[in-house]
Amino acid sequence: MTSRLDRVKDWALLAKASRYSATAIARECGVSPRQLERFFREHLKKSPHQWLRELRMGRAVELLREDASVKQVAQELCYKDPAHFCRDFKSYFGKTPGQTATQAFVTPSAGTLFAPHVAFQQ
């Protein structure tokens, strides 16, 4: 049996359009937040929130490498303010955006280079 969620072609685009909110993604897909949670657990072995955070952090790295300001990155990634973005970034990477803009990034959990467009296993 296929789910409405199986029909989503570009999760990263949907995440951006939904302002990186799992609840908004579920609403856009016409499913409950719990259904979205189960789908993510089954296909990615992580929660929608974990995946969204990884996606945001990967995009933050890209933007910082393109010389975007912290304020621009925070705005692009729908953070309420630059300070919130900086705290989340430091919590994720262990360094501030300014300290890490030119360094290679490794995801703390996977230990591999970050790939922001994760494909779902079929």
Practice prompt. Mind jotting down which residue pairs meet the side-chain hydrogen bond (donor to acceptor under 3.5 Å, both in side chains) criterion with at least one end in residues 73-83? Sequence neighbours excluded, please.
Written response: Lys16-Glu76, Tyr79-Asp88
Worksheet item: Got a donor-acceptor contact below 3.5 angstrom from the Arg19 side chain to the Cys78 backbone?
Response: no
Item to complete: With sequence neighbours excluded, tell me which residues meet side-chain hydrogen bond (donor to acceptor under 3.5 Å, both in side chains) with Glu28.
Response: none
Worksheet entry | Minimal non-hydrogen separation, Tyr92 against Glu54, with atom names | OH-CG, 3.3 Å
Worksheet item: Taking all atoms of both residues into account, what is the closest heavy-atom pair of Ala15 and Ile25, and its distance?
Response: CA-CD1, 3.9 Å
Discussion item. Do Val31 and Phe39 have side chains that approach each other closer than 4.5 Å (heavy atoms only, starting at C-beta)?
Written reply: no
Worksheet item: Looking only at heavy atoms, which two atoms of Trp51 and Ala12 are closest? And how far apart?
Response: CH2-N, 4.0 Å
Worksheet entry | Between CE on residue Met57 and CG on residue Leu64, distance to nearest 0.5 Å | 9.5 Å
Worksheet entry | Atom pair NE2/CZ of His49 and Phe40 - distance to nearest 0.5 Å | 10.0 Å
Worksheet item: How long is the gap from OG on Ser47 to CD on Glu37, to the nearest 0.5 Å?
Response: 5.5 Å
Practice prompt. Using a strict 4.0 Å threshold on nitrogen-to-oxygen distance, state whether Glu42 and Arg38 make a salt bridge.
Written response: no
Item to complete: Can you see which heavy atom on Pro48 is nearest to which on Ala22, and at what distance?
Response: CB-CB, 3.9 Å
Response to the item:
Closest heavy-atom pair, Cys86 versus Val70, reported as atoms and distance to 0.1 Å, is SG-CG1, 3.4 Å
Worksheet item: What pairs with Arg87 under side-chain hydrogen bond (donor to acceptor under 3.5 Å, both in side chains), at least two apart in sequence or on another chain?
Response: none
Fill in: Those residues that, when tested against Thr23, pass side-chain hydrogen bond (donor to acceptor under 3.5 Å, both in side chains) (two or more places apart)
none
Item to complete: Not counting sequence neighbours, which residues clear salt bridge (Lys or Arg N to Asp or Glu O under 4.0 Å) with Arg27? List them please.
Response: none
Practice prompt. Would you please name every residue forming a side-chain hydrogen bond (donor to acceptor under 3.5 Å, both in side chains) with Ser21, sequence neighbours left out?
Written response: none
Practice prompt. Verify whether the ring centers belonging to Trp11 and Tyr20 lie closer than 6.0 Å.
Written response: no
Discussion item. To the closest 0.5 Å, what do you measure between CG (Leu77) and CD (Gln72)?
Written reply: 11.5 Å
Item to complete: Find out whether Val73 and Phe89 are in side-chain contact, i.e. whether some heavy atom of one side chain is under 4.5 Å from a heavy atom of the other.
Response: no
Fill in: Glu62 and Arg59 ion-paired at < 4.0 Å
yes
Discussion item. Is any side-chain heavy atom of Val8 closer than 4.5 Å to one of Cys29?
Written reply: yes
